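One structure below.
In this text, all values refer to a predicted model and were calculated from it rather than measured experimentally. Numbered from 1 within each chain, the chains take letters A, B, ... in sequence-line order.
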Protein chains: 2
Amino acid sequence: MSVAIENFVKAIYKNGKRDNNDTKPGNIAKELGISNAAATDMAKNLAAKDLLKYQKYKPLKLTDNGTKMALSVIRKHRLWEALLFKLFDMSLHDIHREAELLEHQTSDLLAEKISEYLGNPKFDPHGDPIPNADGEITTSDTSISLSNANEGKSYTISRLMSDDKEFFDFCALNGLKYGNTLVVSKQFTNNKMTQILINNNTILLNQDFTSIIYVNENK
Amino acid sequence: MSVAIENFVKAIYKNGKRDNNDTKPGNIAKELGISNAAATDMAKNLAAKDLLKYQKYKPLKLTDNGTKMALSVIRKHRLWEALLFKLFDMSLHDIHREAELLEHQTSDLLAEKISEYLGNPKFDPHGDPIPNADGEITTSDTSISLSNANEGKSYTISRLMSDDKEFFDFCALNGLKYGNTLVVSKQFTNNKMTQILINNNTILLNQDFTSIIYVNENK
DNA sequence: AAACTTTTTTAAGTTAACTTAAAATATTTT
DNA sequence: AAAATATTTTAAGTTAACTTAAAAAAGTTT
Ligand SMILES: [Mn+2]
Ligand SMILES: [Mn+2]
Ligand SMILES: [Mn+2]
Ligand SMILES: [Mn+2]
C-alpha cells in the first residue's frame, strides 16, 4: 500500500483514540494537510479496499484490516524513534520527523531486527506504547494528564503526546522528559493552569501543555 | 526531488561508471524496470531541471547538479548498508533491499548522524566507497577484478559489486567476503574461468562472478 | 422552524509517473 | 548499400493523489 494510504489510515486510528476529535473526513484532511475533497475521495477508495467503512457524512471507521495496517505503521514509527533516540544525539522532534518517513519504507523483517536489537521495548522515547508484531498493545496505560493530577503529589512523566517542535524545545529547556519526576504544587482549576516543581524550578503550565503531558503518581 | 528522479539519476551515474554499459534511455529503463518511453520522458523532464543533458539518440550525461544528487543518494544508500550491517544479522542482499528504499527518506542531518556514529567509514559492507557529505569519493581504488588477477598470487577481497541474491548466497557459502584472503590457482583464459583457493577449498568461477569480485594483491 | 454557517460531497481538472502502439532513427547483417 | 533488426522517440492513454469551485447536507443560532 502507498505512503498516502498508510498515513491516512494512521491518522484515522490516532484521531479515533483522541477523545473529542472525531474521524470525519474534514478532521483527517486537516491532520494530513490535504483538502476535504481529497479526504472524501480517499475514504471511498479505502472502503473499496476493505480498510474502512464509509457512510456519507458519518465518521470513518477502520475495519480490522485497516486497524491492523495502522498499528503496523505505528509500530514501525515508534521502533524507529526508539532506535534513533538510542543511537544518535537528535531532538525528539527531529527523530519524529525522520520516523514519519522511514515508517513507510520498512519491511516487517527490518522492524523485527530493530525491535530485537532494542530488547523488544514496550515504549518509544515519547512514552507511547509500541505495538507488537501482531499489532497488539499489551501494556496497560494507567497514566493521567497533568491537568487531572492532584495538588501536592509527586509524579513521574510517562508520555509527552506531541509532535510539535516548540513543545519539545520547551520540554528540553525545563527538564520535562520521559522518566523524570515532578511535583504538582498548585492546580488553578478556573484558569486551567497547573503549577509544577521540577529540578527545583517552579513553572506554570497552561492546558495546551498539561493536556498532553501524562504522568504516573509516585507512591 | 521524487524517489523516481533520485533512482533515475543514480542509475545513470552507476551505468556511466560501468565501462561498456552506456547511458542511453533504454539501458536506464532496463535497470529500473520501466519502459523505454518512460525513460525518454523522464530524461527530457530532468534536462529541464538541469540534472542532465539530453540530445536525441545520444547517451544521457549528468550535469554537475545531477552528479551531486546521484552521489548524495549513493552516500545515503551505503551509510544505511553500513549501519544495518553493523547492528543487525541480515544478509547483504536484504540489507541492500532496505537501503534501496531508505536512501530516499533520509535527511542530510540523519546521514551525518549515521556517518558519525560509524566513525565516518570510507567503505560499505560490499567494499564500495562512501562519498563524503560534499559528494566526493576520496579513496583511491587500486583493486582489480578477479578476472584480471595473476596466477599463483594471494589477494584480499575488496569489493563485491552486485545486488544479486544468488551471488551473495554463493559468496556466503564459500567464504567470499570483504576482507577475506584467497589465492588464484589458475586462470583459464580461453574459457574465461578462474580457479581460486579459499578456506582450503578449490572453486572454479566463471566470468559472471570474476568480473564483479574485486581484490588487492597481498605483498 | 427559519436562517445562517460550517462541513461534506460531487464535479471537473491537474500533475507525475507510468503504459502500449506506432513512427522515426540508428545499428547490424547480408 | 540495401535489407533486416533493434532502439529511441512520439503520441495517446491510464492511474493515484491531489486541487478548486459549486452543490448538498448537517449543525447552529436566533
Ligand atoms: Mn512520533
Ligand atoms: Mn508517515
Ligand atoms: Mn547496495
Ligand atoms: Mn532506491
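Summarising the geometry, the separation between CD on Gln55(A) and C1' on dT9(C) is reported as 15 Å, rounded to the nearest angstrom. If you measure from atom CG of Asn27(B) to atom P of dA6(D), you get 16 Å, rounded to the nearest angstrom. Per the geometry, CG belonging to Asn7(B) stands 14 Å off C1' belonging to dC18(C), to the nearest Å. Note: CD1 (Ile28(A)) to P (dT8(C)) measures 10 Å, nearest angstrom. Atom pair Asp22(A):CG and dA26(D):P shows a separation of 15 Å (rounding to whole Å applied). Computed from coordinates, the Tyr57(B) OH to dT25(C) C1' distance equals 4 Å when rounded to whole Å.
Checked against the 6.0 Å centroid threshold, His96(B) and Phe85(B) do not count as a close aromatic pair.
In this structure, Tyr54(A) reaches the dT9(C) phosphate: one of its side-chain N or O atoms is under 4.0 Å from OP1 or OP2. A sub-4.0 Å separation between OP1 or OP2 of dT8(D) and a side-chain N or O of Lys58(B) is absent.
Both Asn45(A) and Lys56(A) sit near DNA chain D, but only Asn45(A) has its closest nucleotide nearer the 5' end. A residue-by-residue look at Val3(A) and Pro25(B) shows that Pro25(B) has its nearest nucleotide of DNA chain D further toward the 5' end.
At a threshold of 4.5 Å between non-hydrogen side-chain atoms, the residues Asn45(B) and Met42(B) count as touching.
Cation-pi geometry between Lys192(A) and Phe188(A) is not met at under 6.0 angstrom from the ring centre and within 45 degrees of the axis. Taking the centre and axis of the six-membered ring of Phe167(A), the NZ or CZ atom of Lys165(A) falls outside the cone set by 45° and 6.0 Å.
Near DNA chain C, defined here as any heavy-atom distance below 4.0 Å, the residues from residues 29-43 of chain A are Asn36(A), Ala37(A), Thr40(A), listed numerically.
The ring-ring contact (aromatic ring centres under 6.0 Å, His included) check on Tyr117(A) picks up Phe88(B), with sequence neighbours excluded.
Taking the six-membered ring where the residue is Trp, Trp80(A) and Trp80(B) present perpendicular rings, their angle passing 60° and hence far from 30°.
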